[in-house]
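First comes the structure, then the notes that go with it.
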Amino acid sequence: MTATHTLRHRVSQTTQSMARCFSVFVRDVGQGLLDISHNGLALLGLLVLGAALFGLGRPDLRHQLEQHALGWLLQRQEARLSEDESLVAALAEPEAIRRVTAADPRELGKEQAAIVQWISRRYRVAPEPVARLVQESWEVGERTGLDPTLLLAVIAIESSFNPFAQSPVGAQGLMQVMTRVHDDKYEAFGGTHAAFDPVSNLRVGAQILREYISRAGSLEGGLKWYAGAANLPHDGGYAAKVLSERNHLRNVAQGRPVPITVPQLVRTSAPAAAPAAASSPEANAAHQPDTDTRVAQAS
């Protein structure tokens with residue numbers, strides 16, 4: 001037992017001694033590498049400093065270095081611009097401007113320009129598209145005999161100047177024309193998708209409104225037909241709202257101050273048979289063959 005114990009003790013001492021030696025070796029190697037790195041970086045710094053001092057003393061070398069650096073930067077810039085230009089070229093469509101519904105408000109007369117600015121602020125829409133619609137309202141109004149401010153008022157009440165608006169019953173576009181009922185009127189504009197072209201929708205809506213006013217024998221009656229309430233006791237205040245908005249626009253055109261927050265008239269009462277009218281187009285059609293069957297959503 002004594003011999004075995006002695007042997008184990010010597011083995012343990014030998015192991016500890018070897019571990020200490022290895023630890024010292026690793027520490028010395030690490031310190032040596034650190035010293036070499038430190039000295040190497042110091043030497044590199046001295047070389048850079050020496051090269052800089054040498055370059056400052058040689059204007060020709062400094063100029064050559066600057067030229068190389070500038071050339072490299074220009075190449076990088078040109079490569080980046082080339083990528084951007086390729087993307088722009090791939091997405092470009094120079095003829096796209098022809099699809100834009102817009103006009104310069106500064107080219108309009110005083111009355112029209114005032115209306116444009118008021119509508120733009122009241123309904124939070126860009127003045128350029130509104131300017132084009134105001135121009136079109138004057139031209140269409142002259143051809144149809146309708147007050148242009150009336151057309152703009154209908155647009156305001158129907159869609160708040162959103163050309164992509166659609167009601168739950170299918171009325172579409174600025175003037176919320178029932179496209180499926182008046183599809184024949186869109187044939188002259190290339191098809192029913194023209195319902196979402198602001199100018200086409202305005203022209204079709206003006207035709208329909210003129211027909212209804214003529215058929216009803218009065219402006220209020222025509223607006224009632226336009227609201228889809230021709231065979232109902234009343235239109236739920238739709239005509240009153242349109243005419244109130246028209247009066248605001250007239251006052252704006254005449255230079256009178258009209259706050260953009262002036263409220264629209266509130267619906268006084270809902271048409272008693274509105275759900276039936278909205279859900280039974282055939283019943284309405286029996287009394288008004290080509291009118292739309294919606295009851296206006298007076299908002």
Side-chain angles (χ1 to χ4, degrees), residues 133 136-137 140-141 143-163 165-186 192 194-196 198-250 264-281 283-299:
L133 294 176
E136 189 65 26
S137 296
V140 172
R143 294 181 181 181
T144 60
L146 295 176
D147 181 356
T149 59
L150 174 65
L151 297 175
L152 293 170
V154 170
I155 293 173
I157 301 304
E158 290 286 356
S159 67
S160 298
F161 291 87
N162 176 9
Q166 176 165 308
S167 76
V169 295
Q172 297 177 325
L174 283 178
M175 295 190 71
Q176 289 292 276
V177 175
M178 290 290 288
T179 305
R180 66 174 181 270
V181 176
H182 300 287
D183 57 342
D184 59 317
K185 291 182 172 61
Y186 282 113
T192 55
F196 298 106
V199 172
S200 300
N201 190 281
L202 193 159
R203 293 178 181 180
V204 170
Q207 293 178 47
I208 297 169
L209 181 58
R210 181 188 178 189
E211 292 175 6
Y212 289 170
I213 292 173
S214 176
R215 184 178 303 176
S218 68
L219 175 56
E220 290 79 2
L223 289 171
K224 184 179 179 183
W225 277 63
Y226 197 88
N231 19 324
L232 299 178
H234 44 69
D235 63 5
Y238 175 80
K241 289 186 70 173
V242 171
L243 296 178
S244 174
E245 194 73 3
R246 183 190 67 171
N247 289 336
H248 296 330
L249 292 169
R250 283 180 170 180
Q264 296 175 341
L265 289 181
V266 179
R267 178 194 291 267
T268 56
S269 59
S279 60
S280 302
N284 258 2
H287 297 279
Q288 44 196 57
D290 64 346
T291 185
D292 58 62
T293 57
R294 65 188 172 83
V295 174
Q297 304 295 315
S299 57

Closest non-hydrogen atoms of P198 and P163, given as atom of the first, atom of the second and distance, are CG-CB, 3.8 Å
Nearest heavy-atom approach of Y238 to A227 is CD2-CB, 3.6 Å
| task | Output, in order, the C-alpha distance, side-chain angles, deciding distance and verdict of side chain to side chain contact (heavy atoms under 4.5 Å, CB included) for L151 and E136. | result | CA-CA 10 Å; L151 297 175; E136 189 65 26; over 6 Å; no
Between N201 and L174, the two heavy atoms sitting closest are OD1-N, 3.4 Å
CG (L146) and CZ (R210) are apart, to the nearest 0.5 Å, by 7.0 Å
Sorted by chain and residue number, the side chain to side chain donor-acceptor pair (under 3.5 Å) partners of R250 (sequence neighbours excluded) come out as D147
CD of Q176 to CG of N162, rounded to nearest 0.5 Å, is 8.5 Å
**Report entry** Verdict with supporting geometry, L150 and L249, side chain to side chain contact (heavy atoms under 4.5 Å, CB included)
**Finding:** CA-CA 9 Å; L150 174 65; L249 292 169; over 6 Å; no
Handout entry: Verdict with reasoning, L152 to E245, per side chain to side chain contact (heavy atoms under 4.5 Å, CB included)
Key = CA-CA 9 Å; L152 293 170; E245 194 73 3; over 6 Å; no
Here the gap from L202 atom CG to M175 atom CE, rounded to the nearest 0.5 Å, amounts to 6.0 Å
A165 and S159 have their tightest heavy-atom pair at CB-CB, 4.0 Å
Here the gap from K185 atom NZ to I208 atom CD1, rounded to the nearest 0.5 Å, amounts to 5.5 Å
| query | Using 30° and 60° as the class limits, which term best fits the ring planes of W225 and Y212: parallel, tilted or perpendicular? | reply | tilted
Value for CG (L223) from CG (L243), rounded to nearest 0.5 Å, stands at 5.5 Å
Here the gap from D184 atom CG to H182 atom NE2, rounded to the nearest 0.5 Å, amounts to 8.0 Å
Between G205 and V177, the two heavy atoms sitting closest are CA-CG2, 3.8 Å
Closest heavy-atom pair, K224 versus L232, reported as atoms and distance to 0.1 Å, is NZ-O, 2.6 Å
Sequence neighbours excluded, the answer for side-chain contact (heavy atoms from CB on, under 4.5 Å) partners of T179 is Q172, Y186, T192, A195
